[in-house]
Amino acid sequence: MRWNQTLLETLKEIPAEAEVVSHQLMVRAGLIRKVAAGLYNYLPLGWRTLRKIENIVREEMDAAGAVEVQLPILSPAELWQETGRWEKYGAELFRVRDRHERDFALGPTHEEVITDLVRKIVRSYRQLPVNLYQIHTKFRDEIRPRFGVMRAREFIMKDAYSFDRDEAGAEASYAKMSQTYHRIFKRCGLRFKAVEADPGAIGGSFSSEFMVLAATGEEVIASCTQCKYAANVEKAQGRLADPPKAEKPVPRQLVDTQGKHTVEEVAAFLKVPTTRLAKTLLYDADGELVAVVIRGDREVNEIKLKNHLDVNALTLATPEQIQGATGAPVGFAGPFNMKGVEKILMDDSLEGAVNLVSGGNRADTHATGVNPDRDFKPTQVLDLSLAQAGDHCPQCGAPLEIERGIEVGHVFKLGTKYSQAMRATFLDEAGQEQFCVMGCYGIGVSRIAAAAIEQNHDEHGIIWPLPIAPYQAVLLPVAPKDPQAGAMAETVYQELRAAGVEVLLDDRDERAGIKFKDADLIGIPLRLTFGKHAAENLIEVKRRDTGAVELVPRPDIVVRIQTLCREMLDVASG
RNA sequence: CGGGGCGUAGCGCAGUGGAUAGCGCACUCGCUUGGGGUGCGAGUGGUCGGAGGUUCAAUUCCUCUCGCCCCGACCA
């Protein structure tokens, strides 16, 4: 491709609206342009990278025995109503109405549509297992789209759905997809980690997320410093590093704490460690008031709480609700003598703790000597806290560390959640009707592009891993006064193309400095310069990643570039 | 949805109750330069986000509205 022929404009300045580096570079390098919040045009360069990612995904999915289909973006409300997700998916589901006032959804995911398809076709165990996938545009009405294509309202996703005759089969399908995902992300040149996750709105019994490790990632991961355990903090179970010591219970007493609300203020005022405090939080769970009691230095994991309570809406109680339940303003709730509270859930961080400090259920008052079972009776004691650095690994006991990541893939064991709701059944050998056992597997194709940049860039621009680079090599004729250099660039361009190398020829009438800057910015792995060495029949080849420069004799250039491409491809795919 | 910020040329930004609204970059033309965003000159480009109000006069003040960004809440 010739630069003048493609629509490629680079920007010298950082767009004001872009906060993270991948977003800034995607705009500056001419990969994307914004249409509206969370909606982007993919320009030729960006689209090429996307297609390359898609092709890697396609090759690996096909190799794993999955088959590609294409489902419609619009799907009728009836299908979503069958599984209850028309309501349950909430405001994030884009809804549209046709001229006959019929409701449709713009698909954020396709469990309903695929299950509907399969139930209409599959009747016998002989037709199973089957794994269907598509690469398509998805829609989610994100509350706050941000970071460019990282969290967009319209994005490209590969979604796959497996249907098996039994749990064992489903387990095998899941394992196969998990392996395939490792291969895909490796081939995309990403440094990533698979972690245990919360299945969220998709549901099912178990899921793993594939996280690209990056400091700007929106996801927080707790991983063991010794063993392989790693989990999204939404899911992670950290064991307490410093469990409470046994002590003789003392009587409960109210103390005046004069407007000290926060855990830190109260602990400092009473000269006790924050671990001594029993933080009491009130939640409105589908209209019911639920109290959560947790150690002062720990945070409630609302995902765990919501999953445990199995409710649709979980929010912190309003000041009015808190006043009604405790008789005190916000900041002075204690777990005893509350009114209208349905459940008191105690985090296991307080298991065995004695002589705690809690709110006194009276303005400007806290209680000391608060003891579980004596002063209040927890409805249940369970793990409700957010794992933190230093917690002990639930598997080997070593300390956990906290990292950040970008979720690029998520695999789920769905069980029969959808096949039961939608009656996707088949007859087994015994002629018995059985529900399909399902799995589903998503990859954020457009997000991979952003994540790859987040991981591979420097102060000059993008450093594309070769397998997903829009072009493998960029050719820079930089000596316009020397017709020989220009002619050499032209013939090398033709020869490389003929040899199957993906090349971009910077045929603009620009100075060398501009071409060098732009080549760095758009991050093409190999740069060929036709300039002062052309007279000696030499071409300068520079690698974008290592910066290594070599002078290659004109006759060897095609073979040399092919060799370099192969090397860089092998490194990426291991 | 709550809090905050911003909407002025393609991009980054100044500016003002008054006349023809500016700077840098980009773009066009000419010359110059030619291995890391060359220099000089001449140009093109604006409903000052939109609506309403106050005023002799509004891009500027007020109200509303739309859009964008950040924090939070929320959320595969």
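Order of the sequence lines fixes the chain letters, A, B, ..., with proteins taken first and strands second; residue numbering starts at 1 for each chain.
Pair check for U60(B) finds none; no Watson-Crick or G-U wobble contact set falls under 3.5 Å. For C25(B), the paired base is G10(B) (Watson-Crick or G-U wobble, both distances below 3.5 Å). Base pairing analysis places U47(B) opposite nothing; no Watson-Crick or G-U wobble pair with both distances below 3.5 Å involves it. Across all strands shown, G30(B) forms a Watson-Crick or G-U wobble pair with C40(B), both key distances being under 3.5 Å. Shown here, G2(B) forms a base pair with C71(B); the pair counts as Watson-Crick or G-U wobble because both key distances fall under 3.5 Å. Base pairing analysis places A19(B) opposite nothing; no Watson-Crick or G-U wobble pair with both distances below 3.5 Å involves it.
Out of G36(B), G35(B), C25(B), the shortest distance to the side chain of K12(A) is found at C25(B). The I143(A) side chain lies nearest to C74(B) when the options are C69(B), G37(B), C74(B). Nearest nucleotide to the side chain of K542(A), out of G36(B), C68(B), A76(B): G36(B). Comparing C69(B), G37(B), G36(B) by their nearest atom to the side chain of D520(A) picks out G36(B). Relative to the side chain of P480(A), the nucleotides C69(B), G34(B), A76(B) differ in distance, and G34(B) lies closest. Of the listed nucleotides (C13(B), G37(B), C68(B)), G37(B) has the atom at the smallest distance from the side chain of D518(A). For K34(A), counting side-chain heavy atoms from C-beta on, the closest listed nucleotide (C71(B), U38(B), C68(B)) is C68(B). Comparing G36(B), C68(B), A76(B) against the side chain of M157(A) picks out A76(B) as the nearest. Each of A76(B), G34(B), G37(B) was ranked by its minimum atom distance to the side chain of K517(A); first place goes to G37(B).
Taking atom C1' on both nucleotides, C48(B) is separated from A9(B) by 10 Å, rounded to a whole Å. Between G45(B) and G36(B), the two P atoms lie 35 Å apart (nearest whole Å). Across G46(B) and C11(B), the matching C1' atoms stand 15 Å from one another, rounded to whole Å. Comparing the P positions of A58(B) and A42(B) gives an interatomic distance of 35 Å, to the nearest angstrom. To the nearest whole angstrom, the two C1' atoms, one in G24(B) and one in G15(B), are 15 Å apart. Rounded to whole Å, the separation between the P atoms of U55(B) and U44(B) comes to 39 Å. Remark: the separation of the P atoms in G5(B) and G18(B) is 25 Å, to the nearest Å.
A donor-acceptor contact under 3.5 Å links the side chain of E540(A) to the base of G35(B). On a pure distance criterion of 3.5 Å, a polar donor-acceptor pair joins the side chain of K481(A) and the base of G34(B). Counting distance only, with no hydrogens placed and no angle test, the side-chain atoms of R508(A) and the base atoms of G34(B) include no donor-acceptor pair under 3.5 Å. Scanning atom types as modelled, one donor and one acceptor separated by under 3.5 angstrom connect the side chain of E13(A) and the base of G24(B).
For E142(A) and R151(A), the salt-bridge test passes: some basic side-chain N is under 4.0 Å from an acidic carboxylate O. Taking 4.0 Å as the cut-off between side-chain N and carboxylate O, E490(A) and R2(A) count as a salt-bridged pair.
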When the side chains of residues 478-489 of chain A are checked against the rest of the protein, which donor-acceptor pairs come out under 3.5 Å, sequence neighbours left out?
residue	atom	partner	partner atom	Å
D482(A)	OD1	Q484(A)	N	2.9
Q484(A)	NE2	A534(A)	O	3.4

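K413(A) places no side-chain N or O within donor-acceptor distance of the main-chain N or O of E171(A), the cut-off being under 3.5 Å. Although no hydrogens or angles enter the test, the distance criterion places a donor-acceptor pair under 3.5 Å between the side chain of N4(A) and the main chain of D507(A).
Considering E196(A), E219(A), E407(A) as possible partners of N232(A), the one that fulfils the side-chain hydrogen bond (donor to acceptor under 3.5 Å, both in side chains) test is E219(A).
Side-chain N/O atoms of K306(A) include one lying less than 4.0 angstrom from OP1 or OP2 on C75(B). A sub-4.0 Å separation between OP1 or OP2 of U33(B) and a side-chain N or O of R511(A) is absent. Regarding contacts with the backbone of C70(B), a side-chain N or O of R144(A) is found under 4.0 angstrom from either OP1 or OP2. Put simply, R151(A) has no side-chain N or O that comes within less than 4.0 Å of OP1 or OP2 on A76(B).
By the 6.0 Å contact criterion, CZ on R508(A) is enclosed, its count of non-hydrogen atoms from other residues, nucleotides or ligands being greater than 12.
Across all strands, I202(A) comes closer than 4.0 Å to base atoms (heavy-atom distances). If you check every strand for non-hydrogen atoms under 4.0 Å, T109(A) touches a base.
Projected onto RNA chain B by closest heavy-atom contact, G38(A) and D509(A) fall at different nucleotides, the more 5' of which corresponds to D509(A).
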